[in-house]
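Input: a single structure, listed below in structure tokens.
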Protein chains: 2
Amino acid sequence: MTRWLDEDEQRTWRAFLAASQRIQEDLDRQLQRDSGMPHAYYAILVRLSESPERRMRMSELAAAANSSQSRLSHAVARLEERGWVRREPCPADRRVSWAALTDEGFAVLAAAAPGHVGAVRQSLFDRLSADQVEQLATICAAILREPGS
Amino acid sequence: MTRWLDEDEQRTWRAFLAASQRIQEDLDRQLQRDSGMPHAYYAILVRLSESPERRMRMSELAAAANSSQSRLSHAVARLEERGWVRREPCPADRRVSWAALTDEGFAVLAAAAPGHVGAVRQSLFDRLSADQVEQLATICAAILREPGS
DNA sequence: CCAGTTTACTTGAACTCTCAAGTTCTACGA
DNA sequence: TCGTAGAACTTGAGAGTTCAAGTAAACTGG
């Protein structure tokens, strides 16, 4: 009863897997090598830096950075050890805690950003035409659309 | 001097990251839940099953399954413990070892495949038009093309 | 108003992955 | 033919991720 993938679908699927894994690995390696952090940590710092007062509630931050709460919790623990992020209690709701980017964290992020953007261009945008970039945006939006729509 | 991403690029980039991470995680979760293995292990079993005599040299297998040698080595060790894969020495070159899919491994793979294909359709193909699938294939090929071309 | 549920977050253990180093073995050139 | 380079694979330690369970605080309906 299974609808197997036909040959074209098979090829597309494997290319997609290989391409997305390759990009993830390239970025991870570049950031780890040049800035001593995995890409997931970089994403966290970026979201914080874009937020008003450079701080967010843990659960918002998790959603914004495509992370599970557990992953975020562990990650922020490490980032705190390095002095890049600080946790602050929320007076209004004591279940909540804020994660705030420290000045040192911001400096580290600023130093990491150019190399990271370079890697993104090199692994993705430099390889695609303007049309393809637009197509990719549409495709990714479709993938992310909720099931019931 | 850095060429930052403009707003469109930024959006596309984040959508791509979110989409590819989402797919990876969906597949990993589905396989882990229903078949007790991560997607990387599934990929290894698939490549072996497609190979003549259902066996491959470790280094070929690593390349075929988008894995580093070290990762593959660890993975095959686990798969061997479960009795799904067997290592065999190569008489011609004693540095080489073959990884062979056992009958039990093949059975496990056969049992896992329908659910996996279902997840692939659900997370990718069911969400895209035929045109988009074709566009995606072209885009992924471009991403994978070697730098010097 | 208070028992039960839900929300927010943390924790620990098991597992996978990465990186660097180590072990064998083959190949090659002088 | 010997020594050095390179290839194939393994290993161990360190780090990140996941899952399930746990804590604590805030709701909510009878």
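Order of the sequence lines fixes the chain letters, A, B, ..., with proteins taken first and strands second; residue numbering starts at 1 for each chain.
- The CG atom of A:L144 lies 11.0 Å from the CZ atom of B:F16; values are rounded to the nearest 0.5 Å.
- No side-chain heavy atom of A:T12 sits less than 4.5 Å from a side-chain heavy atom of A:L5.
- A search for side chain to side chain contact (heavy atoms under 4.5 Å, CB included) contacts involving A:T138 returns B:Q132, not counting sequence neighbours.
- Toward the 5′ end of DNA chain C lies the nearest nucleotide of A:S97, the other residue of the pair A:D28 and A:S97 mapping further downstream.
- If you check every strand for non-hydrogen atoms under 4.0 Å, B:R33 touches nothing.
- Cluster annotation: B:I44 and B:V117 are assigned to distinct hydrophobic clusters (Ile/Leu/Val/Met/Phe/Trp/Tyr, side-chain heavy-atom contacts under 4.5 Å, transitive).
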Given A:E60 and A:R47, is the salt bridge (Lys or Arg N to Asp or Glu O under 4.0 Å) satisfied, shown in steps? CA-CA 10 Å; A:E60 284 172 8; A:R47 303 314 147 127; over 6 Å; no
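- The minimum heavy-atom distance linking A:M58 with A:A99 is given by the pair SD-CB, 4.0 Å.
- Spacing between atom CD of A:Q21 and atom P of C:dT16 amounts to 16 Å, rounded to whole angstrom units.
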Between the protein and nucleotides 12-15 of chain C, which nitrogen or oxygen pairs come in under 3.5 angstrom?
unit_1	atom_1	unit_2	atom_2	d
C:dG12	O6	A:H74	NE2	2.8

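- For the pair B:E60 and A:S68, nearest-nucleotide mapping onto DNA chain D gives the more 5' position to B:E60.
- Listed pair A:R57 / C:dA8 meets the phosphate criterion, a side-chain N or O lying under 4.0 Å from OP1 or OP2.
- Counting non-hydrogen atoms under 4.0 angstrom, A:A77 reaches nothing in the nucleic acid.
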Please list, pair by pair, any protein nitrogen or oxygen found under 3.5 Å from a nitrogen or oxygen in nucleotides 24-26 of chain C.
unit_1	atom_1	unit_2	atom_2	d
C:dT26	OP1	B:R94	N	3.3

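- Taking 4.0 angstrom as the limit, B:R71 places none of its side-chain polar atoms (N or O) nearer than this to OP1 or OP2 of C:dC19.
- At least one side-chain heavy atom of B:Y41 sits under 4.5 Å from a side-chain heavy atom of B:R82.
- Residues B:R121 and A:E9 are paired through a salt bridge, judged by an N-O separation under 4.0 Å between the basic side chain and the carboxylate.
- If you take CG of A:L31 and C1' of C:dT18, they are 15 Å apart, rounded to a whole angstrom.
- Helix bend of the helix from C:dC1-D:dG30 to C:dA30-D:dT1: the angle between its two end axes, each built from five pairs, comes to 20° after rounding to 10°.
- A side-chain donor from one of B:Q30 and B:D34 sits under 3.5 Å from a side-chain acceptor of the other.
- Of all nucleotides in DNA chain D having an atom under 4.0 Å from a heavy atom of chain A, the first and last in 5' to 3' order are D:dG16 to D:dA26.
- A:R95 is linked by a salt bridge (Lys or Arg N to Asp or Glu O under 4.0 Å) to A:D93, counting only residues two or more places apart in sequence or in another chain.
- B:Q24 places its CD atom 14 Å from the C1' atom of C:dT16, with the value rounded to the nearest Å.
- Residue B:S73 is in base contact, counting any heavy-atom pair closer than 4.0 Å across all strands shown.
- Contact of the A:Q21 side chain with the B:Q24 side chain is registered, since non-hydrogen atoms from C-beta on lie closer than 4.5 Å.
- Shown here for B:W98 and B:R55, the closest heavy-atom pair between the two residues is CE3-NE, 4.0 Å.
- Rounded to an integer number of Å, the gap from B:Q32 CD to C:dC17 P is 10 Å.
- No more than 12 heavy-atom neighbours from other residues, nucleotides or ligands sit within 6.0 angstrom of CZ on A:F106.
- The side chain of A:Q69 places no N or O atom within less than 4.0 Å of a non-bridging phosphate oxygen (OP1 or OP2) of C:dA8.
- A distance of 5.0 Å separates OG in A:S67 from CG in A:L72, rounded to the nearest 0.5 Å.
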